[in-house]
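Worksheet for the structure shown next.
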Number of protein chains: 2
Amino acid sequence: MANQLDTIFSAMADPTRRAVIERLLDGPASVSDLHGPHDMALPSFLKHLNKLERAGLVRSEKTGRTRTLHIEAAPMAAAEDWLTQQRRLWEGRLDRLQALAEALERPKT
Amino acid sequence: MANQLDTIFSAMADPTRRAVIERLLDGPASVSDLHGPHDMALPSFLKHLNKLERAGLVRSEKTGRTRTLHIEAAPMAAAEDWLTQQRRLWEGRLDRLQALAEALERPKT
DNA sequence: CTGTTACTTAGCCACATGGCTAATCAACTC
DNA sequence: GAGTTGATTAGCCATGTGGCTAAGTAACAG
């Protein structure tokens, strides 16, 4: 995947991973803490965490035998920015269309 | 894919599809118009369009032999909303941490 | 009605994804 | 040091994804 947006969007395209993000907004947590609520084998769950980490949405450090993860908010902003920009362009287009419509309603002012 | 956010995010996790979205913000276009700039066989490209349509980000009608696509902005808002909400929560958490830090700096006011 | 154009379908391929079990590693606990 | 616990690795499987070619359909142009 070339673009950073690719990995970010695809990391967010999964409910398990979004749930992890939501959970981490509350504060750091260990792998097994995060795993707790998810009905899924640990190795499967780990893959999700790895994907989040590769996307840069999460960082982690291992101390002793437990790994602690915390969220990295900045990359999500990239995704949000893209969406916001598209919305602005879209709204701008609607404005132009509306202006056009109004101009047509009043042919010769 | 259960959730609507799943399909939306995963639809946006590809540069070709994002480019199509960006192009469509400028106004409706036919399949081959959209295909033009992309160095890819038509059937491959069609798969991308179908994925966009299944995600609800795009609608299309066929008149005569050409299919015209236009953007459906609303679903993107769902994705943006989710991101915005996460950011708010994150910022809220930072505020609380900062408040805590300030409280600790001035132990007994 | 023949040819061209604009998609569409079918079918193939390689690789990624998301799940699993079993086994291993490393660090605490007793 | 033996056992337990937290995390990881290896390897398997089914399905999805993203690309292709080849062939088919449907409408428009002459």
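Below, all heavy atoms of this structure are taken into account, side chains as well, without hydrogens, waters or symmetry copies.
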Whole angstrom is fine here: how far is it from [atom1] in [X] over to [atom2] in [N]?
X: A:Lys51; N: D:dT17; atom1: NZ; atom2: C1'; result: 11 Å
X: A:Phe45; N: C:dT21; atom1: CZ; atom2: P; result: 16 Å
X: A:Leu49; N: D:dT9; atom1: CG; atom2: C1'; result: 15 Å
X: A:Lys62; N: C:dC28; atom1: NZ; atom2: P; result: 10 Å
X: B:Leu46; N: D:dA22; atom1: CG; atom2: P; result: 18 Å
X: B:Leu42; N: C:dG11; atom1: CG; atom2: P; result: 20 Å
X: B:Glu61; N: C:dA6; atom1: CD; atom2: P; result: 19 Å
X: B:Leu34; N: C:dA6; atom1: CG; atom2: P; result: 14 Å

Basic-acidic side-chain contact under 4.0 Å: A:Lys51, A:Asp14 = no
Can we say A:Arg59 and A:Glu53 salt-bridge, meaning some charged N sits less than 4.0 Å from an Asp/Glu carboxylate O?
-> no
If you find the nucleotide of DNA chain C closest to A:Asp39 and the one closest to B:Pro43, which residue's nucleotide is nearer the 5' end?
-> B:Pro43
Whichever of B:Lys47 and B:Ser32 has its nearest DNA chain C nucleotide further upstream toward 5' | B:Ser32
Among B:Gln86, B:Arg87, B:Glu91, B:Arg88, which residue meets the side chain to side chain contact (heavy atoms under 4.5 Å, CB included) test with A:Leu25?
-> B:Gln86
Would you say B:His48 reaches D:dG19's phosphate, i.e. side-chain N/O to OP1/OP2 under 4.0 Å?
-> yes
Compare side-chain N and O positions of A:Arg67 against OP1 and OP2 of D:dT8 and report whether any pair is under 4.0 Å apart.
-> yes
Closest to the [X] side chain: [options]?
X: A:Asp14; options: D:dA7, C:dA6, C:dG18; answer: C:dG18
X: B:Ser44; options: D:dT8, D:dC20, C:dT8; answer: D:dC20
X: B:Arg65; options: C:dA6, D:dT8, D:dG18; answer: C:dA6

Side chain of A:Arg17, backbone of A:Ser10: donor and acceptor closer than 3.5 Å?
-> yes
5′-ward residue of the pair A:Ser30/B:Thr63 relative to DNA chain D = A:Ser30
Check A:Phe45 against A:Val20 and note the closest heavy-atom contact, atom names and distance.
-> CZ-CG2, 3.7 Å
